[in-house]
Number of protein chains: 2
Amino acid sequence: MSRILVIDDEPQITRLLTLLLEGAGHEVRVAADAAHGLHELALSQPDLLLLDLGLPDRDGVEVVRALREWSQLPVLVLSARSDPHDKVAALDHGADDYLTKPFDAPELLARLRALLRRVTPAEQQPVLALGKLTVDLAAHAVTVADKPVPLTPIEFSLLAQLARHAGRVLTHAHLLQAVWGPKAADQSHYLRVHFAHLRRKLRRAGLDEEIIRNEPGIGYRLLVPPS
Amino acid sequence: MSRILVIDDEPQITRLLTLLLEGAGHEVRVAADAAHGLHELALSQPDLLLLDLGLPDRDGVEVVRALREWSQLPVLVLSARSDPHDKVAALDHGADDYLTKPFDAPELLARLRALLRRVTPAEQQPVLALGKLTVDLAAHAVTVADKPVPLTPIEFSLLAQLARHAGRVLTHAHLLQAVWGPKAADQSHYLRVHFAHLRRKLRRAGLDEEIIRNEPGIGYRLLVPPS
DNA sequence: GCTCGTCTTAACGACATCTTAGCGCGGCGG
DNA sequence: CCGCCGCGCTAAGATGTCGTTAAGACGAGC
């Protein structure tokens with residue numbers, strides 16, 4: 001998910017952190033002192049830095065300050081020092097968050113998520129790619145071979161439902177419920193009409209293969225292209 | 001220095017916070033419950049939100065979640081609840097930091113500085129340039145081909161919202177919330193009227209291309225000029 | 001208290017979209 | 001063989017959304 005660099009000299013802590021972070025789907029690298037840490041920062045370009053203050057060769061605050069000369073990388077300081085004065089010093093020298101040991105694992109992960117969320121403003125929007133077809137759920141945009149396809153709200157909604165569960169069959173009831181709400185649970189010819197429109201637009205946009213398939217008596221499914 | 005909104009219902013706390021924050025050179029506004037808080041958020045467009053969780057009318061987490069529908073505003077939660085589970089919940093619903101009461105004043109200020117520091121790089125360029133169009137967020141000024149265009153507050157606010165998220169679609173609800181506050185969530189013809197005024201003024205100022213586009217049934221977006 | 005600018009509300013035409021209806025096709029079972 | 005059902009498709013009236021303009025309501029400043 002994200003690449004995280006841990007700078008800490010205690011093997012117990014780094015082992016624990018590695019386990020924790022990899023369990024959360026992150027990619028972890030470890031450096032045992034400031035010198036190696038700074039080297040690794042430039043080399044592996046991580047998405048976040050998890051930093052201990054008590055390093056053998058240099059104070060952690062120095063690491064943050066050096067880093068801030070050239071990078072906006074989010075930094076979470078993890079330290080045994082609970083003195084508010086230390087916290088203020090670290091935060092004011094460029095750290096984004098400060099957690100004292102012993103820490104609560106779920107809280108650490110949540111704070112990491114908060115930092116990562118903020119630093120990726122160009123949010124990894126859910127853009128589903130299916131061969132030549134692309135469905136951007138957030139921007140309400142659909143493209144075929146990189147060319148935008150103008151869809152009405154209902155058409156987009158139908159396609160989005162299928163794309164979200166690509167490959168699986170969605171029943172008539174499911175689609176009607178999702179697009180029109182509970183009142184239209186039995187008006188299954190709505191589906192026929194709007195799927196006709198949708199298929200025509202996709203065809204004219206250059207999608208040669210019919211990827212919207214009907215399962216007679218059941219519902220519809222979106223074919224996933226062999227990749 | 002920065003404008004900070006405090007949402008808390010205990011007068012003792014708000015008095016203390018106001019003193020503390022104004023002492024640090026910030027501009028402070030206070031709201032005593034969630035409803036007034038959301039209204040104030042839309043109205044005064046602060047730079048940061050300081051939020052208590054135990055509000056009389058609604059839970060603070062709900063406030064964050066509602067806010068995150070339309071804003072990236074940094075949020076620091078200040079709560080009496082020290083249970084890690086509460087922290088994780090608040091952080092995962094959009095809060096950026098979490099501090100438990102009683103808090104250490106210098107630490108609070110340092111954490112605020114850390115949050116504000118991270119949000120200012122976007123504010124360092126308060127002048128957005130989009131082809132012939134220029135939007136100065138700080139000075140509330142708009143120019144077309146270097147000639148100023150007089151806009152009313154609402155018109156500017158709409159344009160600023162679009163410009164801040166140039167290229168992306170902003171839903172009716174998003175725009176209404178951001179400009180009029182939570183009460184006007186369904187009055188979507190406000191948008192039609194004021195966008196008509198806005199488009200006319202831009203047209204008469206010499207903007208030949210229609211850069212404010214409507215996404216039928218969804219909302220509006222600002223076209224980014226090909227660069 | 002008046003004037004001016006701005007916001008709200010209302011009304012209307014134009015246009016796109018949705019709904020409804022109808023027709024042809026093919027598979028299936030009686 | 002023939003009627004039935006589900007499906008794809010198209011056409012046309014109904015509905016909704018949008019853009020625009022104008023008139024009344026409101027508030028700020030003098």
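Note that these values count all heavy atoms, side chains included, but never hydrogens, waters or copies made by symmetry.
In this entry the distance linking CZ of B:Phe156 with C1' of C:dG5 reads 19 Å, nearest Å. In this entry the distance linking CH2 of A:Trp180 with P of C:dC18 reads 8 Å, nearest Å. Residue A:Ile218 contributes atom CD1, which lies 18 Å from atom P of C:dG27 at whole-angstrom precision. If you take CD of A:Glu215 and P of C:dG27, they are 16 Å apart, rounded to a whole angstrom. In this structure, A:Leu158 atom CG and C:dC18 atom C1' are separated by 12 Å, rounded to whole Å. For the pair B:Gln187 CD and C:dA10 P, the computed distance is 10 Å after rounding to whole Å.
Ion pairing of B:Arg81 with B:Asp59 is present here, as a side-chain N (NZ or NE/NH1/NH2) and a carboxylate O approach within less than 4.0 Å.
Around CZ of B:Arg213, the count of heavy atoms belonging to other residues, nucleotides or ligands within 6.0 Å does not exceed 12.
Ring-plane geometry between A:Tyr220 and A:His172 is classed as tilted, the angle between the planes lying from 30 to 60 degrees on a 0 to 90 degree scale. A tilted orientation is assigned to the rings of B:Trp180 and B:His194, their planes being inclined by 30° to 60°.
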Is there a side chain to side chain contact (heavy atoms under 4.5 Å, CB included) between A:Val135 and A:Leu162? Walk through the geometry before answering. CA-CA 10 Å; A:Val135 181; A:Leu162 289 185; over 6 Å; no
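Taking every nucleotide of DNA chain D with any atom under 4.0 Å from a non-hydrogen atom of chain A, the first and last of them, 5' to 3', are D:dG6 to D:dT10.
Between B:Leu151 and B:Pro216, the one whose closest nucleotide on DNA chain C sits nearer the 5' end is B:Leu151.
Judged by distance alone, the side chain of B:Arg68 and the main-chain N or O of B:Gly94 form a donor-acceptor pair under 3.5 Å.
Non-hydrogen atoms lying under 4.0 Å from DNA chain C are contributed by A:Tyr190, A:Val193, A:His194, all within residues 189-203 of chain A.
Every residue two or more places apart in sequence or in another chain that forms a side chain to side chain donor-acceptor pair (under 3.5 Å) with A:Glu210 is listed here: A:Arg203.
Between B:Pro182 and B:Gln177 the shortest side-chain heavy-atom distance falls below 4.5 Å.
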